[in-house]
Amino acid sequence: MKISKLYILVAAALFTFTSCERPFDELEKDPNRPTSAPASLVLGGILNDVYGIYGSGAWNDSQRYNQYFASNYNYYATNEYTWTQTGFQFTTLKNVVKMEEEAKKAGLPDVNAYSAIGKFMRAVMFENMTKRVGDLPLADALKGLENQTPKYNTQKEVYVQVLKWLDDANTDMASLVAKGDNNLQGDIYYGNSLSKWQKAVNAFKLRVLISLSAKDTDTDLNVKARFAEVLANPSKFPLMAGMDDNLQYVYNNSFNKYNRNPDNFGQNATRENMSSTYLGTLTSLKDPRTFVVSEPAPAKIKAGLAPTDFAAFVGAPMGEDLAIMSSKANQGEYSFQNRKHYYTTYTGEPFIMVGYPEMLFNIAEGLNRGWATGNAETYYTQGIQSSWAFYGLKDGANDVFFSADGGYKSFNTYAVAVNYADYYAQAAVKYAGNNANGLKQVLTQKYLAMFQQSGMEAWYNQRRTGIPTFDVGPGTGNSQRIPKRWQYPTTESAYNAQNYKSAITSQYGGQDDINASMWLLK
């Protein structure tokens, strides 16, 4: 018995010893947590994050900063440009790296659909980050434990790399499309069509080139030649041919509901009125989009104006003191958003991130600036007409629906006659030629077309060009100035302090100042 007990004790000890000798990395693995995922599944998350960059602000802060509409109730928001830190997309970029790794694990070649889209996603996210703050960690970024304090690249270096990613993405997609080699799955935007993605890449490239208008003589960027090359080589750089090519987010009735819908009608339908910057521009041009996006001010109807009189539509100055704006809105002096259009559906219109109308105006702007040969007026007029079509407007009789008395969910039908030829014949609309006036017209119509679309792109265009003139005053805060950038995330000053300090010193004299000008604007 004693010998048997001894054997049992020795065996138990040996078992315990060998168990403790298992590598720590095996012991720490969670058997219930997956360590890999199909590239298609990772792609789905990345594409939703892209909507987060542009579309999460579709009906909130970004559209107030674009001066499309104003908050008249400070419980929900103000109209102040009191910006602090922005966010970065490095978490999503790490998922881009993971997606590419998973595609390779699955046996795909080095150049595949996921790697091509990965390059585009890198361009989109780094471009978004740099135009918000300036210099960025890029070459040393995304290396994990290998480099936890990445050095910053200059903004110019970031743009050089962004343009390279876009060219490489276009080349890779063209090669894959030509070979019919497409293993893409999980694409919520284009239904796994690489040819559609290629058009989006090149439309986005035009956006980037236009954003570099202040640097069009820089030989490293080669903006003019790159722009001209795209227009001269449609087979190499296919572009969007219509609204069906838009990179857009489509809403549904369940978990991806339209940002404004019947569920929040009572919450903010009368807490946000139209801005005079946007609505005033529409009405001054007698633009029929007025009737789709807004309602007449009830006080104007009570004063005897017809519901379809452009003079009945009034936006609030963004710089107005919020208490005064609130009082005037409650008295019916300002137009609200068109509640029939925006609050009676869960699906609404798609949210465009990179779209056909913007692309047309970008081409018109480049031609106006003399970057290539072509007819700027043709693209300009097509841009206006495609924007009108987005709202369902067509020549002839159009039915529009809105409340004419500020009533709660009481909507009426009105007939308005639309004639594009008459609209275009106005001196303020008809293209003035490749000169400063013509450029202002292109930029103004681009601003109108971007209403509630493309995130902050309308603001970035205004920052770059000064068009349209943004309203300032006590209500906009920031000492009645429109800021020029955001501050870096607090994670940079906390965990990458030395490189962060060097970056703000070289760019902004040591102050992470929202009113300082970055390289892009100089």
Side-chain angles (χ1 to χ4, degrees), residues 53-54 56-88 128-136 155 211 214 268 271-281 315-329 334 443 447 450-452 454-493 500 503-505 507-522:
I53 293 173
Y54 293 106
S56 61
W59 282 95
N60 50 44
D61 292 351
S62 65
Q63 302 308 328
R64 290 195 300 277
Y65 299 147
N66 289 338
Q67 298 207 357
Y68 285 136
F69 67 81
S71 170
N72 60 45
Y73 188 45
N74 65 6
Y75 179 83
Y76 292 110
T78 71
N79 302 308
E80 295 182 356
Y81 290 86
T82 49
W83 293 354
T84 54
Q85 294 83 16
T86 188
F88 278 170
N128 177 68
M129 291 188 290
T130 192
K131 66 187 178 186
R132 293 175 81 87
V133 296
D135 295 356
L136 282 177
Q155 189 170 50
S211 75
N268 49 29
R271 303 303 186 188
E272 295 162 342
N273 45 253
M274 304 302 292
S275 160
S276 61
T277 307
Y278 170 65
L279 186 59
T281 303
M318 293 295 292
E320 189 169 63
D321 181 88
L322 189 56
I324 296 174
M325 185 186 297
S326 179
S327 175
K328 288 184 177 180
Y334 293 138
L443 294 168
Y447 174 75
M450 281 184 170
F451 177 66
Q452 305 301 12
S454 304
M456 290 284 290
E457 281 306 308
W459 183 86
Y460 292 125
N461 274 273
Q462 199 282 336
R463 177 182 69 171
R464 176 175 62 89
T465 65
I467 298 170
T469 300
F470 274 2
D471 188 67
V472 294
T476 51
N478 191 35
S479 300
Q480 302 189 25
R481 293 173 293 177
I482 303 296
K484 296 180 179 178
R485 59 181 294 275
W486 285 261
Q487 295 173 336
Y488 286 94
T490 53
T491 50
E492 288 299 300
S493 57
Y500 160 76
I504 63 169
T505 298
Q507 297 176 95
Y508 310 119
Q511 299 295 318
D512 202 351
D513 183 3
I514 65 172
N515 298 301
S517 290
M518 58 182 65
W519 169 87
L520 181 67
L521 306 176
K522 294 178 180 178

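None of the values given here were measured: they were computed from a predicted structure.
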(message) Set out, in order, the CA-CA distance, both residues' side-chain angles and the distance that settles side chain to side chain contact (heavy atoms under 4.5 Å, CB included) for Y447 and Q462, then state yes or no.
(response) CA-CA 8 Å; Y447 174 75; Q462 199 282 336; 6.0 Å; no
(request) Could you give me the CA-CA distance, side-chain angles and deciding distance for F69 and Q452, then say whether side chain to side chain contact (heavy atoms under 4.5 Å, CB included) is met? (result) CA-CA 10 Å; F69 67 81; Q452 305 301 12; 3.2 Å; yes
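If you take CE on M450 and CG on N66, they are separated by 9.0 Å, rounding to the nearest 0.5 Å. Residue N515 holds its CG atom at 10.0 Å from CH2 of W83, rounded to the nearest 0.5 Å. To the nearest 0.5 Å, atom OG of residue S493 and atom CG of residue D512 are 8.0 Å apart. The OG1 atom of T86 sits 11.5 Å away from atom CD of E492, with the distance rounded to the nearest 0.5 Å. To the nearest 0.5 angstrom, E272 atom CD is 16.0 Å from Y334 atom OH.
In this structure, Q507 and G134 approach most closely via the heavy-atom pair OE1-CA, 3.4 Å. Across all non-hydrogen atoms, the minimal contact from Y81 to I514 is O-CD1, 4.0 Å. Taking all atoms of both residues into account, the shortest heavy-atom contact from Y508 to S517 is CE2-O, 3.5 Å. Closest heavy-atom contact between A316 and N273: CB-ND2, 3.4 Å. Taking all atoms of both residues into account, the shortest heavy-atom contact from A70 to M318 is CB-SD, 3.6 Å. Residues T469 and T277 come closest through the heavy atom pair O-CG2, 3.8 Å.
Remark: side-chain polar atoms of S275 are not paired, donor with acceptor, to backbone N or O of G315 under 3.5 angstrom. Under the 3.5 Å distance criterion, the side-chain polar atoms of R485 are left unmatched by any main-chain donor or acceptor of A516. With hydrogens and angles disregarded, no donor-acceptor distance shorter than 3.5 Å links the side chain of Q85 to the backbone of Q487. A donor-acceptor pair under 3.5 Å links the side-chain atoms of T465 to the main chain of N461, judged by distance alone. The main-chain N or O of R481 is found under 3.5 Å from a side-chain atom of N478 such that the two form a donor-acceptor pair. At distances below 3.5 Å, at least one donor-acceptor pair connects side-chain atoms of N79 with backbone N or O atoms of S71. Side-chain atoms of S327 do not come within 3.5 Å of backbone N or O of I324 as any donor-acceptor pair. Side-chain N or O atoms of R463 include one that pairs as donor or acceptor with a backbone N or O of K484 at under 3.5 Å. Using modelled atom types, one side-chain atom of Q67 and one backbone atom of D471 make a donor-acceptor pair closer than 3.5 Å. One N or O on the side chain of Q155 and one on the backbone of T130 form a donor-acceptor pair closer than 3.5 Å.
Ring geometry for Y488 against F88 counts as perpendicular: the plane angle is over 60°, on a 0 to 90° scale with 30° as the lower cut.
At a threshold of 4.0 Å, the pair E457-R464 does not count as salt-bridged, since none of the basic side-chain nitrogens sits closer than that to a carboxylate oxygen.
With sequence neighbours excluded, the residues that form a ring-ring contact (aromatic ring centres under 6.0 Å, His included) with Y278 are Y68, F451.
More than 12 heavy atoms of other shown residues, nucleotides or ligands fall within 6.0 angstrom of atom CD in Q480.
The shortest distance between side-chain heavy atoms of R64 and W459 does not fall below 4.5 Å.
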